[in-house]
Amino acid sequence: MSTNSGHKRVDAYPYRYAGEVLGFDFVKYELNTGASQSLGDTLSLNLASEETWATGELTVEVSVTQHSLNRVFPSSAPYDGALVVVAYCPTNHHRFETVVEGPLLTEGTYSNTIDLEYDSIRGRVELTPLLVRTKKLKKQPSGHSGPPFAERVGRKLAHGISGHLDIDDPLGGRSKNLPTIPRSFADAPFPADDGNMWYLQLTDPAKPKLFINSDHGFLQSFFEDEGQHSRGRIRQLVVDLQGTQILTQFVLQAAELYAIDGETRFDWQDRMLTDVCSDVFEGKTSEEVSEMLEPGNLSDTLNSITTTVQRRRAPHESLERVLDLNI
């Protein structure tokens, strides 16, 4: 089970906070299509390749130790606390939570299922385990010194490493129309510089291709590492940072084609403008988009695209998890 003994931002709370001490794992997923798979020692799940589904369940485990409970509760077991998993989808700002165990709690490992509804979530969903207080603490223990115990119901007392669930392909949606092709960039007359990690080719707008530089032999195994410790966290940071750049370029290309053609002609193009960057382009005519791409306006448009894409990929969260490693 993924856990961490660090105590991120403990001092930022005006009461006793245990930090990042909860264990968290994905155990199994089941979809209404009949698809299911047992998982283990992972906090990463990609459902983009699954056939069209409407509902599903993700079974998770959350654990808490006696030591952690002693730090944030003044009483003895059972404690007035609950383990919950909070899910947040930055693409459409949808937030929901599942109680794994509570409102009374003792040390141990607990499991429960998180209900998934495809129509309610898009792109990437971040899932974070929390320990919260479930009953008001009327007063501090007699003779207690140091930071006070949290008193209000709902106060967060500890958290664990976050996991992520990719519902669909952020570039192509359910249709897998973006082949990722390994290729040597050193081979002439390939247009990309041999030092590049990736190259997006839109020579044929109906069939976009993403080339990965095979000259960097470590890339494939690095990107396949789904672990949640140092290498896995660094991998996720790189993927999110590179993904932000790729997605930004895709959105810009989609907008340029729309401005030229006066309509969206491809599924991936429509998805870029009406889903990924709906905040920027939804309801805009081709003439308005063309004006947005003119030299005097392009910088502001690009900033708006980048802001929306970063909210979707949330690279700051991956960076925060890497910084927590203290490496």
Side-chain angles (χ1 to χ4, degrees), residues 1-30 38-45 56-88 95-116 125-165 228-229 317 320-321 324:
M1 177 168 289
S2 300
T3 187
N4 190 334
S5 60
H7 306 306
K8 179 175 60 177
R9 297 195 302 273
V10 172
D11 294 339
Y13 290 84
Y15 52 83
R16 294 172 70 91
Y17 190 82
E20 191 174 83
V21 296
L22 302 180
F24 188 38
D25 266 329
F26 294 171
V27 178
K28 181 182 181 180
Y29 76 85
E30 297 181 85
S38 295
L39 309 167
D41 192 28
T42 184
L43 286 176
S44 176
L45 175 59
E57 292 183 343
L58 174 64
T59 302
V60 300
E61 285 187 348
V62 183
S63 66
V64 62
T65 66
Q66 185 65 51
H67 175 72
S68 298
L69 293 170
N70 288 341
R71 293 185 61 193
V72 294
F73 291 103
S75 59
S76 58
Y79 303 96
D80 295 319
L83 295 173
V84 301
V85 174
V86 176
Y88 175 59
R95 187 184 301 272
F96 56 101
E97 64 181 47
T98 299
V99 177
V100 178
E101 183 69 16
L104 293 177
L105 189 64
T106 59
E107 67 169 323
T109 298
Y110 304 93
S111 66
N112 203 352
T113 56
I114 298 173
D115 293 330
L116 305 174
V125 181
E126 296 288 337
L127 299 102
T128 305
L130 299 175
L131 170 63
V132 299
R133 170 166 279 283
T134 57
K135 184 178 180 180
K136 179 177 175 60
L137 179 65
K138 295 181 179 180
K139 62 179 181 179
Q140 297 294 314
S142 176
H144 174 70
S145 61
F149 290 96
E151 298 180 352
R152 292 176 54 185
V153 173
R155 288 291 196 188
K156 294 190 295 183
L157 306 178
H159 65 278
I161 299 173
S162 296
H164 68 262
L165 172 63
Q228 294 299 314
H229 299 290
E317 295 180 0
E320 187 175 32
R321 286 193 287 269
D324 284 343

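The residues of the chain are indexed from 1 along the displayed sequence.
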| said: What verdict does the side-chain contact (heavy atoms from CB on, under 4.5 Å) test give for Phe24 and Glu61, after you've listed the backbone C-alpha separation in whole Å, the side-chain angles of each residue and the deciding distance to 0.1 Å? | reply: CA-CA 6 Å; Phe24 188 38; Glu61 285 187 348; over 6 Å; no
| Is a side-chain N or O of Ser63 found less than 3.5 angstrom from the main chain of Thr109, in a donor-acceptor match? | no
| Do the non-hydrogen side-chain atoms of Tyr15 and Arg155 ever get within less than 4.5 Å of each other? | yes
| Worked check of side-chain contact (heavy atoms from CB on, under 4.5 Å) between Leu131 and Leu69 | CA-CA 9 Å; Leu131 170 63; Leu69 293 170; 4.2 Å; yes
| message | Against Leu83, only a single residue in Thr98, Val60, Leu105 fulfils side-chain contact (heavy atoms from CB on, under 4.5 Å); can you say which? | response | Leu105
| message | With a 3.5 Å distance limit and no angle check, can you tell me whether Ser44 reaches the backbone of His164 through a side-chain donor-acceptor pair? | response | no
| note | Heavy atoms of Phe96 and Asp115 approach each other most closely as CE1-O, 3.9 Å
| query | Considering only heavy atoms from C-beta outward, does the side chain of Val62 approach that of Val85 to under 4.5 Å? | reply | yes
| Do the side chains of Ile114 and Glu57 get nearer than 4.5 Å, heavy atoms only? | no
| Within a strict 4.5 Å, meaning less than it, do heavy atoms of the Ile161 and Leu43 side chains meet? | yes
| remark: Interatomic distance, CZ@Phe73 vs CD@Gln66, rounded to 0.5 Å, equals 11.0 Å
| Ser68 versus Val64, closest heavy-atom pair with distance | CB-CG2, 4.1 Å
| note | Looking only at heavy atoms, the pair that brings Pro78 and Leu104 closest together is CB-CB, 4.1 Å
| query | Knowing that exactly one of Asp25, Leu45, Val27 qualifies, which makes a side-chain contact (heavy atoms from CB on, under 4.5 Å) with Leu39? | reply | Leu45
| query | Passes side-chain contact (heavy atoms from CB on, under 4.5 Å), His67 versus Glu107? Steps please. | reply | CA-CA 9 Å; His67 175 72; Glu107 67 169 323; over 6 Å; no
| query | Looking only at heavy atoms, which two atoms of Tyr88 and Arg95 are closest? And how far apart? | reply | CD1-NH2, 3.7 Å
| said: Quick one: does any side-chain atom of Ser162 pair with a main-chain N or O of Thr128 as donor and acceptor, under 3.5 Å? | reply: no
| task | Examine distances only and state if a side-chain atom of Arg16 and a backbone atom of Arg71 form a donor-acceptor pair shorter than 3.5 Å. | result | yes
| request: Please check if the side chain of Asn112 supplies one atom and the backbone of Val99 the other of a donor-acceptor pair under 3.5 Å. | output: yes
| Taking C-beta and beyond as the side chain, do Leu130 and Val86 meet within less than 4.5 Å on heavy atoms? | yes
| request: Over all heavy atoms of both residues, which pair between Thr134 and Gly81 is shortest? Give the atoms and the distance, please. | output: OG1-N, 3.3 Å
| Non-hydrogen side-chain atoms of Pro74 and Leu137 separated by less than 4.5 Å | yes
| What do you reckon, is NZ of Lys136 surrounded by more than 12 foreign heavy atoms closer than 6.0 Å? | yes
| Distance in Å, Ser75 OG paired with Asn70 CG, rounded so as to fall on 0.5 Å steps | 9.5 Å
| request: For residues Tyr29 and Leu165, determine if any side-chain heavy atom of one lies less than 4.5 Å from a side-chain heavy atom of the other. | output: no
| said: Measuring only between side-chain heavy atoms, which start at C-beta, is Tyr17 closer than 4.5 Å to Val72? | reply: no
| query | Between Arg133 (side chain) and Ala150 (backbone), is there a donor-acceptor pair under 3.5 Å? | reply | yes
| note | Shortest non-hydrogen pair, Ala18 vs Ala158, comes out as CB-CB, 3.8 Å
